[in-house]
Each structure stands twice: as C-alpha cells, then as structure tokens.
Novice: 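Would you mind keeping the following structure in view while I ask a few things?
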Amino acid sequence: MSSTDGSGSTFFVTTPIYYVNDVPHVGHAYTTLNADAVARWHRLLGDEVLFLTGTDEHGLKVQRAADEAGLTALDHATATSDRFRSAWEMLNISNDDFIRTTEERHHLAVQALLSKAYDNGYIYADTYEGDYCVSCEAYYVEDDLVDGNCPIHKRPVEHMVEDNYFFKLSAFADQLTEWLEADAHSIRPTGYRNEALGIVRQGLDDVSISRTSISWGIPVPWDTDHVFYVWYDALINYATAAGYGADDADFDKWWPTTHHFLGKDILRFHGVYWPAMLLAAGITDLPELHVHGFLLIGGEKMSKSGGVTAIGPAEMVDEFGVDGFRYAMLRNHSFGPDSDFSYEAIVERFNSDLANTYGNLVSRVATVVGKKCGGIGPAPDPDATLATAARTAYAEAATAWEAVQPSVALDATWRLVREANEYLAENEPWKMEAGPEVDVVMGNALEAIRIATVMATPAMPEATEIAWKRIGMPGLAAEQRLPDAAVWGGYPGGVPVEVGDPIFPRFKPAS
RNA sequence: GGCGACGUAGCUCAGCUGGUAAGAGCGCUCGACUCAUAAUCGAGAGGUCGACAGUUCAAGUCUGUCCGUCGCUACCA
C-alpha cells in the first residue's frame, strides 16, 4: 500500500475535480499545490506517478449558468474548465491527466461502475417527493428549511416529485466502520477519520442518485429517462482516470495506490459515500484520503457564501512569483487543521526563508567560490560535520512527506540551509587565503546547497533548477533520485559556479 | 439541538503512547562580522502551556466540569 521505498512503486494521487461554476481561488490552489508537491516528491523517489486533477461539469447549476450565458452547456463548461486548466499551468502543477466529467471515457466508466452496483443489487428505484433547492441540487426536509427557504441559499425551494434511483448506502455501515477502524491510513489526519466514523455511526440513509428533471448529466444506462445526480458521477472520475472499465490492467496497477487530497467540506462524500460505492461495485481496495482544513482570513472561512473575498492565485503569483507563492502556501499552513492565510505572512516567509536564508546562501557561496576558488566549485569533505545535518534533514523530510506534512518537510529541509549559513560563519572562508582549506569549506557549502535544492524541488520547481545550474550541477534537480541524491558527497567538484542575480530578491511591499 | 476541533512565548505554530531544568521560526533588544539580497552569525528578553478540580511518585501531555473561539450537520478546497 505504501509506496515510498523508491523501488519503482506506483502512486496515484488526485485532487477533487473542481466545479466549473467556480472561479479558481486560493483554496483550490491550496489543495492542488499539496497534491502536486507530494506527487513531485514521489517522482523523486522513483515512483511511477499518476497525478490527476480536473473539472466537474454536470448538474443543473451548470446548465442554468449556460442558459444565462446563451451557450450550450458543453461550451460553457469548456470555457470555465479552461480557467482551471490555465490556473494550474500558471502554478506549475505537474498533473499527468486532466479529466472532465463530460468526456466520453468518463461516461463509460460511470455507467460501467454504477451498472455493476445495480447488478449487485445496491441500486433500486423509488419515488421521491420533497422540497428541492435548485442551487443546492438537493432535497430538504421541512425541518431544515428557514422560513420555507433553502437554509444555504435563502431562496424558495421547489416542490418536486420524482422517480429516483437510490443507492443502498445503509448496507455498508459495517464495512465502512471496519475499514475506518482497521486502517489507520484510511483517512488522515486522524481527526478526520474519527469524523467519518461519526458520520457512519449516526446512521446512514439510502441516497437518491438520479434525476429525471434534468438532462445535463450522464444517462442511467438501464433507464435513460434518468441521469445520474452530479455527485455520484463526479466521484467516479478517479476510477475513470485509473482506467476503470476501459483497461483492467491499468486499473489494477493504479487503484491500489490511490491517494485522494480533499478539503474537509467534502469528507462525507469521499470518506463515506465513495468507499461505499466502490464496495457496491465490488472494488474492495479503498483509497487513502488526505484531508485538510480551510484557509481562513482573519479567522473566518473563505468562500462565496461566507462573504469573505476570494483571492485569485494569479495575483499571488504576480506578487511573489510561482515558487514564492508555492513555497509559502506549503510552508505556512500545516496540512490538516484550519489555518490563517495572510499576505503579511507570505511576505515574511518569502523574505526570511527564500531571500535571506536560501537565496542569500546561494549568492554568498557563489561569490566566495568566485573569489577564492577561481569560480570552480570544489568537492566536499566526506567527513564534514554538515553531513550529519544533511542526513538528519533528509530523514525528517522524508518522513514528513510520507505523512503528507509538507510544512514539516520544508521546515526540516530549511534547517539544513540554516546550518550551512552557520557553517560559513564559523569558518569564515572569505578571510582565508585561496587553497585547500577554503576549497573544503566551499565544497561542503555547495554540497549542502545541492542536497537542500533537490529536497526543495517539490515546493519550488523553477527556482531549484536555477540554483542547480548556478552551482554547476548537470541535468535537472527534479531528475535526481532519492534517497541516493541526498547522500553526502554527491557534489562532484571541478564544476563552474556562477554568481548571477539573486534568485529571490527580497520582497518589499508596494505600500 | 447533535457531532467535532481548537485555546502553549508579541505573531504562526511543534510538543507521539504522561517522566531530562517548556521548544522552533518570525518579530524585538544587544553584540559580532562584512563573503552575501540593509542579507549572515552569536547572545538575550519574553510563557504560572485558557480556568478549576481530579488521577498519579510524576501532567501542556490522562479524566471531569467550566470559559472562550471556530467548524460540520448532503452538495463552496
């Protein structure tokens, strides 16, 4: 199940598929960046990685938005889907696949998977009558309504009577409980696993999974008057991309190593409904979930309905650069709990960690090598004291990445960078005469930079390549293979070191 | 109402199954250095670990109550 031994395991990692009616914001970026960083770490380990993101495009809300815009639902979905695609390109997201739920391959997989559940007796027809909120695309019981309005959108509900297909969620309570209790890695961090257990314990009702009132969806194959309700088509995207129903060998290869990244708001769907659907279809390998909290602004939730201004990733990238933004997002927020997002915190982080500690280290080392070593980076000393720091940093970072704690991993990585700065202060190579003594000091500093740079590539794919070239390393930092590349002594020596402009110029707020 | 999370230095947070004299980064003060991006290095100040009670030889670390903040309770990461 775990795939971090670096021996060519597979690793399938996903983000949620984002609803096309949304505009990409910092929250979407947060989930996606964490998944991306973990995907990149696994590539460093030599794992074969399949990293999936995409867009969720069915449902009445999309259809109505398209009507308003005077477009077909598909054209509208395409236009909005592209906003996510370009946002992820801008953020250097290394997804291997981008799925759209409107794609043929997805329709086939959904129909195949749910047909299987139907054949297995877990889907049945029934009539549903109730008050329906179009915005939610959900029924409400009277107790939930606020003055006859939808409690979320505060708009009138519509009374509807529908023949629906229902998923026998109630049949899976025991299996879900067993899975959650037996597998400590089923849902992490643990708090969210407990929440999922709580949901199951509170009792599971069967859920309606089809609609006759809309056509913008995936037809129910055994009754084409119906389309599947958007959530039940959406979740299946993960299976689609892994090859479900299309390529059994592919599916068998990827599915056992599935890791879903998601925010806590959709824990119910991913931690309860989705595993039950898989079980209903006879798939007993259940995914691992990595659940994170919300980014808060001034302690308040950031969302449309929360009324807090949503911030676009593009403006953050304009301010801090792609890698500055990526690093700050990963380093400032512990993966799991809610945490405060602030511009000031990013500025602090950028200046402290990137400009002062890492960027400045590269600059000062390059300059001294230029002056004392003729611009040629010397080889490190195999027994340098810094070697211990490097070993510790790698061990801690590797553990943290494995546990999906990027902030911890980067903290560990930066300890090595700080120790390199300390090492220089202790040895004062700029005071020495050119010769073997300086060479050893500078070789060690360069080696520390090399190792830290490899370890930082998941967070900063561009800047690390610049640093990699500066210190004269051939190839790409991202092409290195861990753990070997983190072993002390990999810096070859005898290669040219270039001074260049600061990689991260210190940030001065516009004000 | 139900379920849950959180409350540790000015700020953001680490502190696993209880046991060396409570930690890190940032910020602040002082000092050093001058290779470097007004960067770096060192030293220091600063906390009765939300409150109360309990369990224990021993509690941020377990139990209970309370106070405070927040979230979820079908569809916004």
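Just so it is clear: chains get the letters A, B, ... in the order the sequence lines come, proteins before strands, and each one is counted from 1. Keep in mind it's a predicted model, so treat the numbers as computed, not measured.
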Novice: Checking base pairs now: Watson-Crick or wobble, both atom distances under 3.5 Å. What partners B:C49?
Specialist: none
Novice: Just the rounded figure in Å: distance from C1' of B:A77 to CG of A:N237.
Specialist: 15 Å
Novice: Consider the side chain of A:V207, meaning its heavy atoms from C-beta on, and name the nucleotide among B:U37, B:U34, B:A74 that approaches it most closely.
Specialist: B:A74
Novice: How far does the P atom of B:C72 sit from the matching atom of B:A77, given to the nearest Å?
Specialist: 13 Å
Novice: In whole Å, what is the span from the CG atom of A:D411 to the P atom of B:G23?
Specialist: 17 Å
Novice: Quantified in whole Å, what is the C1' atom distance between nucleotide B:A58 and nucleotide B:A24?
Specialist: 26 Å
Novice: Nearest whole angstrom, please: distance from the C1' of B:U37 to the CD of A:E348.
Specialist: 18 Å
Novice: When you compare B:C26 with B:G46, how far apart are their C1' atoms, in angstrom units rounded to a whole number?
Specialist: 14 Å
Novice: Using the C1' atom in both, what is the distance from B:C62 to B:C76, to the nearest Å?
Specialist: 38 Å
Novice: Can you tell me the base-pairing partner of B:A39? Count Watson-Crick or G-U wobble geometry only, both distances below 3.5 Å, and say none if there is no partner.
Specialist: none
Novice: Tell which nucleotide pairs with B:C13, taking only Watson-Crick or G-U wobble pairs whose two distances are both under 3.5 angstrom.
Specialist: B:G23
Novice: If B:U73 has a Watson-Crick or G-U wobble mate with both distances under 3.5 Å, name it; if not, just say none.
Specialist: B:G1
Novice: Check every strand shown and say whether A:K371 touches a base, only sugar-phosphate, or nothing at a heavy-atom separation below 4.0 Å.
Specialist: sugar-phosphate
Novice: Please state the C1' separation for the pair B:C41 and B:G50 - nearest whole angstrom.
Specialist: 38 Å
Novice: So, does A:R364 get its side chain near the phosphate of B:U40, meaning an N or O under 4.0 Å from OP1 or OP2?
Specialist: no
Novice: Between P on B:C26 and CZ on A:F507, what's the gap in Å once rounded to a whole number?
Specialist: 19 Å
Novice: Can you tell me the pairing partner of B:U56 across any strand shown, Watson-Crick or G-U wobble, with both distances under 3.5 angstrom?
Specialist: none
Novice: Starting from P on B:G42, measure out to CG on A:N421 and report it in whole angstrom.
Specialist: 9 Å
Novice: Using a heavy-atom cut-off of under 4.0 Å over every strand shown, decide if A:I503 touches base, sugar-phosphate, or nothing.
Specialist: base
Novice: Do A:Y122 and A:F167 make the cut of ring centroids closer than 6.0 angstrom?
Specialist: no
Novice: What is the distance, to the nearest angstrom, from the NE2 atom on A:H270 to the C1' atom on B:A74?
Specialist: 14 Å
Novice: Does any nucleotide pair with B:C6 by Watson-Crick or G-U wobble geometry, both distances under 3.5 Å, and what is it?
Specialist: B:G68
Novice: Syn or anti for B:G25, with syn set at within 90° of 0?
Specialist: anti
Novice: In whole Å, measure the gap between the P atoms of B:G7 and B:A14 for me.
Specialist: 7 Å
Novice: At less than 4.0 Å, is any side-chain N or O atom of A:N351 found next to OP1 or OP2 of B:A39? Yes or no.
Specialist: no
Novice: For a quick check of understanding: with a heavy-atom distance under 4.0 Å over all strands, which category does A:G359 fall into, base, sugar-phosphate or nothing?
Specialist: base
Novice: Using atom C1' of each nucleotide, how far apart are B:C33 and B:U40 to the nearest Å?
Specialist: 8 Å
Novice: Assign A:S363 to base, sugar-phosphate, or nothing according to its heavy-atom contacts below 4.0 angstrom with the strands shown.
Specialist: base
Novice: Rounded to the nearest angstrom, tell me the gap between atom OH in A:Y358 and atom C1' in B:A36.
Specialist: 15 Å
Novice: Give none if B:C28 has no partner; otherwise give the nucleotide forming a Watson-Crick or G-U wobble pair with it, both distances under 3.5 Å.
Specialist: B:G44
Novice: Does a side-chain N or O of A:K264 approach OP1 or OP2 of B:C76 to a distance below 4.0 Å, or not?
Specialist: no
Novice: Would you mind checking if A:K372 and A:D439 are paired as a salt bridge, meaning a charged N to carboxylate O distance below 4.0 Å?
Specialist: no
Novice: Hey, what's the ring geometry for A:H333 with A:F341, parallel, tilted or perpendicular (30° and 60° as the breaks)?
Specialist: parallel
Novice: Step through the shown structure and confirm whether more than 12 heavy atoms of other residues, nucleotides or ligands are within 6.0 Å of CD on A:E498.
Specialist: yes
Novice: Any chance you could lay out the side-chain contact (heavy atoms from CB on, under 4.5 Å) test for A:D56 and A:W231, step after step, and finish with the verdict?
Specialist: CA-CA 9 Å; A:D56 180 11; A:W231 256 109; 5.9 Å; no
Novice: Would you kindly say whether A:H292 and A:T31 are connected by a side-chain donor-acceptor distance under 3.5 Å?
Specialist: yes
Novice: Roughly how many Å apart are B:A9 and B:C52, using the P atom of each and rounding to a whole number?
Specialist: 16 Å
Novice: Picking from B:U73, B:G42, B:C33, which would you name as closest to the side chain of A:R268?
Specialist: B:U73
Novice: If you measure only the distance, is there a donor-acceptor pair under 3.5 Å linking the side chains of A:Y19 and A:E57?
Specialist: no
Novice: Categorize A:F261 for me: base, sugar-phosphate, or nothing, with a 4.0 angstrom heavy-atom threshold over every strand shown.
Specialist: nothing
Novice: Test ring-ring contact (aromatic ring centres under 6.0 Å, His included) on A:F228 and A:Y232 and set out the steps.
Specialist: CA-CA 7 Å; A:F228 288 113; A:Y232 300 91; 8.8 Å; no
Novice: Counting only Watson-Crick or G-U wobble pairs whose two distances fall under 3.5 Å, which nucleotide matches B:U34?
Specialist: none
